[in-house]
Amino acid sequence: SQQGEEDPQALSIQEGENATMNCSYKTSINNLQWYRQNSGRGLVHLILIRSNEREKHSGRLRVTLDTSKKSSSLLITASRAADTASYFCATEYSGAGSYQLTFGKGTKLSVIP
Amino acid sequence: NAGVTQTPKFQVLKTGQSMTLQCAQDMNHEYMSWYRQDPGMGLRLIHYSVGAGITDQGEVPNGYNVSRSTTEDFPLRLLSAAPSQTSVYFCASSYGGANEKLFFGSGTQLSVL
């Protein structure tokens with residue numbers, strides 16, 4: 001079964017606005033990653049956050065991790081039309097699931113020019 | 001660098017046929033994996049390998065075989081294709097495993113009639 005669940009499933013915003021996507025997971029993890037997928041393409045890595053970290057930044061991206069709530073969020077600030085894509089969280093859960101990166105079903109983001 | 005190369009990009013099979021999806025990486029990555037992506041299901045792990053000669057099953061391994069004779073190559077074999085295997089297949093690799101960022105190929109779109 002899939003570990004992470006993104007919310008919302010779809011999000012439509014105006015260019016310049018901020019976009020927030022959330023990911024919830026079920027069991028203890030070693031790390032959580034966010035990926036972007038443009039239509040018909042392979043996935044591209046955005047950010048990796050480890051279980052002992054609470055926040056990471058990369059350019060216009062901000063990721064938070066709350067292990068007590070088993071949740072993460074991805075914030076894209078000042079969105080652009082080029083940010084239109086599907087965004088996936090992926091978790092490596094600890095214990096028997098190590099070496100397996102489990103993906104959620106994704107959030108489809110549309111940024112309207 | 002080519003990164004992760006998948007061939008073919010598109011394939012149509014008849015039920016019962018067998019074929020091999022090719023995946024090669026030129027980054028000297030130890031970890032390689034195969035995912036399938038179905039609409040509304042996100043990505044699901046089929047098989048993975050932590051190094052040459054070592055493979056293991058993921059979430060949905062039935063109907064697929066893998067081998068890892070070299071660091072560079074990780075082919076996925078469909079033994080007897082079924083319509084349920086119609087999907088987009090992605091190969092991904094990383095230097096150290098699921099606790100590091102994955103590099104994805106561009107995918108193989110497979111249709112089984």
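- Heavy-atom neighbours of A:Arg50 CZ from other residues, nucleotides or ligands within 6.0 Å: above the threshold of 12.
- Placement of A:Phe103 and B:Trp34 in two distinct hydrophobic clusters is found when ILVMFWY residues are connected by side-chain heavy-atom separations under 4.5 Å, directly or transitively.
- One distance of note links NZ of B:Lys101 with CG of A:Leu46; it measures 10.0 Å at 0.5 Å rounding.
- Atom CG of residue B:Asp38 and atom NZ of residue A:Lys105 lie 11.0 Å apart, to the nearest 0.5 angstrom.
- In this structure, the side chains of A:Asn31 and B:Glu100 stay at 4.5 Å or more apart for every pair of heavy atoms.
- Of the inter-residue distances, the one linking A:His45 atom NE2 with B:Phe104 atom CZ reads 10.0 Å to the nearest 0.5 angstrom.
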- Residue pair A:Leu101, B:Tyr48: steps toward the side-chain contact (heavy atoms from CB on, under 4.5 Å) verdict: CA-CA 10 Å; A:Leu101 198 61; B:Tyr48 65 96; over 6 Å; no
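- The aromatic rings of A:Tyr99 and B:Tyr31 lie parallel to each other, with less than 30° between the two planes, well short of the 60° mark.
- In the hydrophobic cluster analysis, where Ile, Leu, Val, Met, Phe, Trp and Tyr join through side-chain heavy atoms closer than 4.5 angstrom, B:Leu76 is grouped apart from B:Leu102.
- No side-chain heavy atom of A:Tyr35 sits less than 4.5 Å from a side-chain heavy atom of B:Leu43.
- B:Phe90 and B:Leu110 are not part of a single hydrophobic cluster, where members link through side-chain heavy atoms under 4.5 Å apart.
- For B:Arg77, the CZ atom counts as densely surrounded, since its 6.0 Å shell holds more than 12 non-hydrogen atoms of other residues, nucleotides or ligands.
- Tracing side-chain contacts under 4.5 Å through hydrophobic residues (I, L, V, M, F, W, Y), one reaches B:Val88 starting from B:Leu45; they form part of the same cluster.
- Heavy atoms of A:Glu6 lying under 4.5 Å from chain B are absent altogether.
- Shown here is A:Glu53, whose CD atom has more than 12 heavy atoms of other residues, nucleotides or ligands within 6.0 Å.
- Of the two parts of B:Gln109, neither the backbone nor the side chain holds a non-hydrogen atom closer than 4.5 Å to a non-hydrogen atom of chain A.
- B:Gly58 and A:Gln100 get closest at one heavy-atom pair: CA-OE1, 3.9 Å.
- Grouping the Ile, Leu, Val, Met, Phe, Trp and Tyr side chains by contacts below 4.5 angstrom, directly or via other members, places B:Val50 apart from B:Tyr64.
- Both the backbone and the side chain of A:Leu43 come within contact range of chain B, with heavy atoms under 4.5 Å apart.
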